[in-house]
Amino acid sequence: MIPPRADASLCRLRGLGVRYAGSAQPALGPIDFDIAAGERLAIIGESGSGKSTLARAIAGLLPAGAALTGTLDWPASGRRPHPGRDLGYVFQDPGQSLNPVLTIGEQVTEGARRHLGLSARAARAHAADLLAQVQLPDPGRLLAAYPHQLSGGQRQRVAIAAAIAAGPAILIADEVTSALDTTVQAAIVALLDALTRDRGMTLIFVTHDMALAAQLADRIAVMGAGRLVEAGRAGDILQRPISAEARRLLDAHIDLDTPPLIGEAAP
Amino acid sequence: MTAPLLEVVGLTKSFHSGGRRVVALDDVSLSLAPGETLGLVGASGYGKSTLARVLVHLIAPEGGSIRFRGQDWLGLNGAPLRAARRHLQMVFQDPLAAFNPRATVGSVLTDPLRIHALAPRAAWREEVARLLTRVGLAPEHAGRSILDLSGGQRQRVAIARALALKPDLIVLDEAVSALDVAVRAHILELLVELQRASGLAYIFISHDLAAVRAVSHRIAVMEAGRIVESGPAARIVRAPESAAARALIAAVPHLVREKQG
């Protein structure tokens, strides 16, 4: 594990814990962790490991009534990032995160108008530009379309465009490819990679897929039962996992080099 | 060669959407031997789920024929169809949507026993315990609400429900797609174990070629309502002929371990 230099810390977590309203057990923590400005971090874990809770705590997007313990500081900026302006968040299911009664143009321009103070006309041009950057076809016409008219992959591209509309320095992508086809998933991962590299953004990529984590991130934080069980360079975790959680995720990985489970006659 | 369990010839089906005619199945033919797994792979919107729904008699095709267990499957209706349905079961992607949310695990598993009169009432409890054990759950799960289970446990119950009727064929439509990587691996292992033990055949439908490859003897690749390529699983993965198969292969995330090539 390479600890980032303390003075370069974008986000510093000390004893951070989260307990949801009505729950006796904490969902997270205590967590001690540092995130460096500009780094590409994957938070990985099985369902219920606390990975999304950690991401939401960092983003300041926990539901009302969730109790935080410990500290979450932002040494580099000295203040909490403002969601939408300083920090973009892309959720798993764009069918739920996009407003069904707003046009694509309205959803993407909202952030730009509010945070960049653009006029309606300038925001519209900005939105068309963003839709082109997330590689959606015919952005001019798409501005007037509604989410239900798009495929799942296209909707996720719109959600990414909306998340980066105000030019945030941090992007959190929370299971953004889990509901998508493998072919669409590969395209979305490539898009996130290119967009965040081009802009020098800090990327926090939440996933249960070790291959995607290693593909996108330089550093991987492994979660298990609400705790951070291991963190280190992506290559090290893949080669020499220490925690049972990391080993389980690696063992469960299936790709085309994995021996098939069925006994079959030699081809 | 044994006689095929399932023989599908020339299925066609189209839908009307926003004034347009969308061809979901375009002259689809396939066959399946007893105890075999056919993987059906393709991107979303290419007709895989339509094919699954036609196979289990949820929707009628416009043309083509299906022979299942030597019978004209599409010609069945009424009581003979209800009786024959037990031989062909289906497991869906989202088990929560496929169950009555107020049901208990026990009631989900006794329904098929009762409806198809497969076991006397006195034997239900024991049969439910046996089914739960077969899918890697404990008999005590019978008393739990469906809502109290994890996604992986629910999918095990869905498989147990299908098994309750001792079917010859289970159609699995994206049955592991909503699951975590670790849970997915366990469910795939379970499916293969059950097949070894009882000679079940599967049609395993997924957009994920790696999962399809892990469990399938043969693979059929679908694109725009057509089967564009089919053959032994190893051949499709090693030497794909269609652009659709090559795109699916390229999209599989690989673990790139440094210095290991």
Side-chain angles (χ1 to χ4, degrees), chain A residues 44-49 51 92-93 148-149 151-153 175 177-190 207-216 233-241 245 247-267, chain B residues 18 36-37 41-46 150-152 174 176-186 188-193 195-196 202 206-218 231-239 244 247-260:
Chain A
I44 190 165
E46 295 171 26
S47 289
S49 63
K51 57 188 189 298
Q92 172 170 355
D93 183 358
H148 76 269
Q149 296 171 293
S151 70
E175 295 266 20
T177 63
S178 305
L180 303 173
D181 261 13
T182 33
T183 41
V184 180
Q185 170 178 297
I188 294 287
V189 165
T207 181
H208 59 86
D209 188 318
M210 202 51 114
L212 291 182
Q215 197 179 324
L216 262 179
R233 277 192 344 113
D236 291 344
I237 298 225
L238 257 53
Q239 289 245 61
R240 291 177 297 277
E245 286 82 355
R247 280 200 297 273
R248 223 173 21 242
L249 288 165
L250 282 166
D251 288 346
H253 175 82
I254 297 173
D255 62 30
L256 297 175
D257 300 325
T258 313
L261 296 167
I262 45 154
E264 56 182 358
Chain B
E36 185 185 32
T37 301
V41 68
S44 291
Y46 280 162
S150 68
E174 300 282 4
V176 299
S177 304
L179 303 174
D180 249 11
V181 172
V183 179
R184 180 173 68 192
H186 290 137
L188 293 176
E189 282 165 17
L190 171 67
L191 291 173
V192 170
E193 274 167 37
Q195 182 173 60
R196 282 209 189 102
Y202 295 124
S206 178
H207 62 80
D208 179 352
L209 183 60
V212 167
R213 166 73 182 114
V215 297
S216 304
H217 302 93
R218 284 188 304 127
R235 200 279 292 162
I236 297 276
V237 168
R238 193 186 61 244
L248 290 164
I249 289 169
V252 173
H254 281 266
L255 276 181
V256 184
R257 290 186 165 91
E258 292 172 334
K259 298 172 205 148
Q260 290 194 342

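Below, read A as the first sequence line, B as the second, and so on, with proteins coming before strands; counting in each chain starts at 1. When reading the values below, keep in mind they use all heavy atoms of this one structure, side chains included, and skip hydrogens, waters and symmetry mates.
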Which atoms of Val237(B) approach chain A - backbone, side chain, both or neither, heavy atom under 4.5 Å: side chain
Do Ile262(A) and Gln195(B) have side chains that approach each other closer than 4.5 Å (heavy atoms only, starting at C-beta)? yes
Between Ala185(B), Ala214(B), Ala211(B), which residue shows the highest count of heavy-atom pairs closer than 4.5 Å to chain A? Ala214(B)
Roughly how far, to the nearest 0.5 Å, is NE2 of His254(B) from NE2 of His253(A)? 7.0 Å
Part of Leu209(B) within contact of chain A (heavy atom distance under 4.5 Å): both
Applying side-chain contact (heavy atoms from CB on, under 4.5 Å), run through Leu250(A) and Leu255(B) and close with a yes or a no. CA-CA 9 Å; Leu250(A) 282 166; Leu255(B) 276 181; 3.7 Å; yes
Non-hydrogen side-chain atoms of Glu189(B) and Leu261(A) separated by less than 4.5 Å: yes
Distance from His208(A) atom NE2 to Leu179(B) atom CG, nearest 0.5 Å? 9.0 Å
Counting C-beta onward and ignoring hydrogens, is there a side-chain heavy-atom pair between Pro253(B) and Asp209(A) closer than 4.5 Å? yes
Quick one: what part of Gln185(A) sits under 4.5 Å from any heavy atom of chain B, side chain, backbone, both or neither? side chain
Mind checking what makes salt bridge (charged side-chain N to carboxylate O under 4.0 Å, His left out) contact with Glu245(A), not counting sequence neighbours? none
Looking only at Asp181(A), Leu249(A), Leu180(A), most heavy-atom pairs under 4.5 Å shared with chain B are made by Asp181(A)
Distance check, rounded to the nearest 0.5 Å: Thr258(A) atom OG1 versus Arg213(B) atom CZ? 9.5 Å
Backbone N/O of Val252(B) and side chain of Thr182(A): donor-acceptor pair under 3.5 Å: no
Check Thr183(A) against Ala251(B) and note the closest heavy-atom contact, atom names and distance. CA-CB, 3.5 Å
What residue, out of Ser44(B), Gly151(B), Ser177(B), has the most heavy-atom pairs lying under 4.5 Å from chain A? Ser44(B)
Bottom line for Val192(B): the part with an atom under 4.5 Å from chain A's heavy atoms is side chain
